[in-house]
Amino acid sequence: MQSDFEQVRPPDVLVVKNVVKRYGGLAAVDDVSFTLSKGEILGLIGPNGAGKTTMFDLVAGSARPTAGKIYVGGLDVSGEPAHTRIGRGLGRTFQIPRPFPELSLLDNVLLARQRQRGESVVANFLAARRVAAEEKQAMERARELLDFLLLSHLTNEPARVLSGGQRKLLELARVMMAEPEIVLLDEPAAGVNASLLEVIIDRIQEINARGITFLLIEHNIDMVSRLCHRVLVMASGQLLCEGRPEQVARDPRVIEAYLGGAA
Ligand SMILES: Nc1ncnc2c1ncn2[C@@H]1O[C@H](COP(=O)(O)OP(=O)(O)O)[C@@H](O)[C@H]1O
Ligand SMILES: [Mg+2]
């Protein structure tokens, strides 16, 4: 029986179809298929080495699939490089954030901007005026994002002064600066203290409430349960199961995969 929710399901913004990624003899991702609906927060969990980050690399375009297809907004992007996919509204953060350590937070966020027309435009007076207006807008947006992520007191500090948790917040500001529609978050809670964790959860919910779709890799099961509408579980490159957070948390196959992975 189909539920009402399924009948009025929002469109798929991301479709991953039979994707394989081989590194030598190892299938890091082994025939994985899933879809992501507009507005959803989808969790991707699994023990270390399961293939989660590789899956992100494939979706974001920093790695190409050995086989299979990836569609963004119905368009086959499998062969496109990462920067083209950013232009299609796909943003990602990294498991280990690497901000430019000597640049200010403001500059770090500004550099993540898309459509930097100022650099290619013919320098006539009107264009110069428009570029100046765009620069001002970008500056305002970057400051708003730093404020939104509780970093405004550090706007002009170099990124190297940030704690691990603050780096994760800066990553969020940077990814939002590119105005994405889909955001891939790789372990946003790793190394983050309890109070900053609450900030990160709250901010993800608030961004999601504005219509942004998330795919979230996370080991913090409390965070996954609170944020995710649905969870995918990977193990040894394959999709083990999917379901609501409380469903997968008590699935014997999932428990087994984690115990095996911890050995
Ligand atoms: N660039 C690479 N070259 C070779 N092997 C890789 C590469 N990236 C990942 N792997 C391997 O693929 C498997 C999955 O890794 P990864 O996707 O990082 O897992 P997870 O993020 O779930 O911990 C691991 O065995 C890892 O060593
Ligand atoms: Mg990983």
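Ligands are counted one by one from 1 in listed order, and the atoms in each one are counted from 1 as well.
- Ala27 and Arg22 make their closest contact through CB-NH1, 4.0 Å (heavy atoms, listed as atom of the first residue, atom of the second, distance).
- In this structure, NZ in Lys168 is found 9.0 Å from CG in Leu185, a value given to the nearest 0.5 Å.
- Smallest separation of non-hydrogen atoms from Thr66 and Lys21: OG1-CA, 3.4 Å.
- Each of Ile70, Leu90, Leu14, Thr84 was checked for a side chain to side chain contact (heavy atoms under 4.5 Å, CB included) with Val77, and the lone residue meeting it is Ile70.
- For the Mg ion (ligand 2), the tally of protein N/O/S atoms lying closer than 2.8 Å stands at 2.
- Counting only N and O atoms by type, the side chains of Asn156 and Ser104 include no donor and acceptor under 3.5 Å apart.
- Residue Leu232 forms a side chain to side chain contact (heavy atoms under 4.5 Å, CB included) with just one option from Leu42, Val248, Val32, Leu240, and that option is Leu42.
- What you find for Lys52 and Gly46 is that their closest heavy atoms are NZ-O, 2.9 Å.
- Clustering of Ile, Leu, Val, Met, Phe, Trp and Tyr side chains at separations under 4.5 Å places Val15 together with Tyr71.
- The residues lining ligand 1, counting any heavy atom closer than 4.0 Å, are Tyr23, Leu26, Ala28, Pro47, Asn48, Gly49, Ala50, Gly51, Lys52, Thr53, Thr54.
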Table please: side-chain donor-acceptor pairs of residues 208-221 below 3.5 Å, with sequence neighbours left out.
{"residue": "Asn208", "atom": "ND2", "partner": "Gly39", "partner atom": "O", "Å": "3.0"}
{"residue": "Asn208", "atom": "ND2", "partner": "Ile212", "partner atom": "O", "Å": "2.9"}
{"residue": "Thr213", "atom": "OG1", "partner": "Gly39", "partner atom": "N", "Å": "2.7"}
{"residue": "Glu218", "atom": "OE1", "partner": "Ala189", "partner atom": "N", "Å": "2.9"}
{"residue": "Glu218", "atom": "OE2", "partner": "Asn220", "partner atom": "N", "Å": "3.0"}
{"residue": "His219", "atom": "NE2", "partner": "Asn48", "partner atom": "OD1", "Å": "3.4"}
{"residue": "His219", "atom": "NE2", "partner": "Glu187", "partner atom": "OE2", "Å": "3.3"}
{"residue": "Asn220", "atom": "OD1", "partner": "Asp222", "partner atom": "N", "Å": "3.1"}
{"residue": "Asn220", "atom": "OD1", "partner": "Met223", "partner atom": "N", "Å": "3.0"}

